[in-house]
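For reference, the structure is listed below as structure tokens.
Each chain gets a letter, A, B and so on, in the order the sequences are listed, and its residues count up from 1.
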Amino acid sequence: MQVVPYNPEGYDLLHKGMIAFSEIQQTGVRIDIDYCHQAHDNLTKEIQVQEEKLYKHKEIKEWKKKYKSKFNLKSSKQMIDILFNEFEYEPLKFTDTVGPNGERTPSTDKEALEAMGLPFTDDLLRKRKLEKLKDTYISNIITETYNGFVYPFLNLHTARTFRSSANSPNVQNIPVRDEESNEIVRRAFIPRDGNYLIEADYGGVEIKGASWNNHDPTLLEYLRNPKTADMHSDFMQLIFCLNHYNSKCAGEKTLRKGTKNGFTFPQFYGDYYGNNAVSLWNWANLKGKKIKKKDGLVLDSGITVGENLIKHKIRTFDQFLNHVKKIEDNMWNKRFTVYRDWKEKTYKWYTKHGYLTSLSGVTFQGIMGKNDAVNYPIQSVSFHCLLWSAIRLVELIKKYKMKTRIVFQIHDSVIGDCPKNEKKDFYELLQQVMCHEIKDFWDFIITPLELEADCSELNGNWSKMKTEMEYIH
DNA sequence: GGAACTCGCCAC
DNA sequence: AAACGTGGCGAGTTCC
């Protein structure tokens, strides 16, 4: 029998967390149910139109002929047969499943179909998107709505990391990045009469959680000096061979974001240069065998990314791959060596003892790979900042007899339903709890914490949020 | 007709 | 040598 340490702090946090989440669930989130029915109808009609459009393509005609009554647009199995056997298109991507003799199944996901770029695949992707919005989101929200409210479960006993999960409905995966999807689904979530919806986020808390674990001096330097140091623009300059960063140049700002999402964060999650190079190469529009001068965004200097890379003797994908490999090497073996050593040390400790603990006092058991072992403690403590804050907010809202209610949370943010006349008080409470009290409670928090509050219009909805408050302490 | 699986896709 | 962490959920497929 494996004996792991019992830590009352971790127990207490999860225990109080479950009670707070239970109260939050019983509070419920208001839903604009009339809007939902209307959106449902609109989507149904649009899907119908899209389907008719789809049936005009030769691929579908062939598909119907072959499968007759078994024809099913949603069967990836049938689609693979039609596209890659009947029409002999080249499979560009494969799923992870490998057969007993090493056979691989062609992928028909968004990325694969986008790469094919046929009129048929484009129309199909549009239909898939609309169906996702209708079936996964709007329909489910309608099913879960009772007297104008949903009561999502917020669970603390399902994730291996002691993060939370949500269901019925899952309020933690509502579209945000894609503008059209955001507007269609988030529009359904509304405040109570006379209220605002306010979403308060911890900024960059996961990378901060990493620094509290590994105490890497380079990383701490970045996080303690957000005004003067910027990790993402530094890596952007390395990747795209620049020696400056101008945040006012649209192209360079986009490159910074692309580097953050395509290199730096994946690296922190345990990814490697091979994947990074492919995603950056495609993302930056450098497709083709050789980079051309006109490729890519326009830089502050007036030339393109493509021209600049050529100047630095990067013309082919292989050269770019090697370049990204060098930056990875530089990242871990020059810049973040203490972080690198912490990863090794943590995994070794796990292989010896069979478990790990987080700064917040929970214990991870079970089979873990190296990436798991170094990610769990980071993910965990980052979410636990939000958890601690949510517990405290619920407690203080009660104590101060406020009318504001916490209605759900999404890993690093809490969503409040706040009366007009309590907005100022609520912002102050958020600052007090999320940036001050928590630092007094947990002395392992050795970087500033950043808080951003986005607010809806009065009697507005979740799709139109404006940043109203930013606070660092 | 349900369980267990795969695939696809949304969030952090 | 190998190579991205955590979830929920809809739909299809296969098996029992």
[X] [atom1] to [N] [atom2], straight-line distance once rounded to whole Å:
{"X": "A/E114", "N": "B/dG8", "atom1": "CD", "atom2": "P", "value": "13 Å"}
{"X": "A/K93", "N": "B/dC7", "atom1": "NZ", "atom2": "P", "value": "11 Å"}
{"X": "A/I184", "N": "B/dC10", "atom1": "CD1", "atom2": "C1'", "value": "14 Å"}
{"X": "A/I207", "N": "C/dG5", "atom1": "CD1", "atom2": "P", "value": "16 Å"}
{"X": "A/K134", "N": "B/dC10", "atom1": "NZ", "atom2": "P", "value": "17 Å"}
{"X": "A/L125", "N": "B/dC7", "atom1": "CG", "atom2": "P", "value": "18 Å"}
{"X": "A/E144", "N": "C/dC9", "atom1": "CD", "atom2": "C1'", "value": "12 Å"}
{"X": "A/H411", "N": "B/dC10", "atom1": "NE2", "atom2": "C1'", "value": "11 Å"}

Please work out which of the three classes, parallel, tilted or perpendicular, describes the rings of [Y] and [X], given edges at 30° and 60°.
{"X": "A/F383", "Y": "A/F21", "result": "tilted"}
{"X": "A/Y6", "Y": "A/Y11", "result": "tilted"}
{"X": "A/F320", "Y": "A/W281", "result": "tilted"}
{"X": "A/F87", "Y": "A/Y89", "result": "parallel"}

- prompt: Touch check for A/S168, heavy atoms < 4.0 angstrom, all strands: base, sugar-phosphate only, or nothing?
  reply: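 Answer is sugar-phosphate: A/S168 comes under 4.0 Å of backbone atoms only.
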
query: Heavy atoms under 4.0 Å, any strand shown: does A/S164 hit a base, just sugar-phosphate, or nothing?
result: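 The answer is nothing, as A/S164 stays clear of every strand by at least 4.0 Å.
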
task: Assess A/R335 against A/Y222: is NZ or CZ under 6.0 Å from the centre of the six-membered ring, and within 45 degrees of the ring's axis?
output: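 Ring-cation test returns no.
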
message: Under 6.0 Å from the ring centre and within 45 degrees of the ring axis: does the NZ or CZ of A/K343 meet both conditions for the six-membered ring of A/Y347?
response: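 Pair A/K343/A/Y347 does not count as cation-pi.
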
Does a side-chain N or O from [X] land closer than 4.0 Å to OP1 or OP2 of [N], or not?
{"X": "A/S75", "N": "C/dA11", "value": "no"}
{"X": "A/S76", "N": "B/dG8", "value": "no"}
{"X": "A/Y376", "N": "C/dG5", "value": "no"}
{"X": "A/N140", "N": "C/dC9", "value": "no"}
{"X": "A/S139", "N": "C/dG10", "value": "no"}
{"X": "A/S413", "N": "B/dC12", "value": "no"}

What's the closest nucleotide to the side chain of [X] if the choices are [options]?
{"X": "A/T95", "options": "C/dG8, C/dT6, B/dC7", "value": "B/dC7"}
{"X": "A/D109", "options": "C/dG5, C/dC9, B/dC9", "value": "B/dC9"}
{"X": "A/Y273", "options": "C/dG5, C/dA3, C/dC9", "value": "C/dA3"}

message: Using 0.5 Å steps for rounding, measure from the CG atom of A/N375 to the OG atom of A/S380.
response: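 The CG atom of A/N375 sits 11.5 Å away from the OG atom of A/S380.
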
field: Value rounded to 0.5 Å, distance of CG in A/D81 from NZ in A/K66
entry: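 So the CG of A/D81 and the NZ of A/K66 are separated by 3.5 Å.
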
message: I want to confirm an ordering. Mapping A/P169 and A/R163 to their closest nucleotides on DNA chain C, which one lands closer to the 5' end?
response: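 Between the two, 5'-proximity favours A/R163.
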
field: A/R186/A/N461 under side-chain hydrogen bond (donor to acceptor under 3.5 Å, both in side chains): CA gap, chis, key distance, verdict
entry: CA-CA 7 Å; A/R186 292 197 173 220; A/N461 64 68; over 6 Å; no

- prompt: Under 3.5 Å, is there an N or O donor on one side and an acceptor on the other linking the side chain of A/K132 and the base of B/dC9?
  reply: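 Result: at least one qualifying N/O pair found.
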
field: salt bridge (charged side-chain N to carboxylate O under 4.0 Å, His left out) partners of residues 154-175 of chain A, not counting sequence neighbours, each pair once
entry: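 Listed by first then second residue: A/R163-A/E206.
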
message: Just to be sure I understand the geometry, which residues of residues 172-181 of chain A put a non-hydrogen atom under 4.0 Å away from DNA chain B?
response: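 Close to the strand are A/Q172, A/N173, A/I174, A/P175, A/V176, A/R177.
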
message: Which residues in residues 323-346 of chain A have a heavy atom closer than 4.0 Å to any atom of DNA chain C?
response: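 The stretch gives none, as no residue of it lies under 4.0 Å from the strand.
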
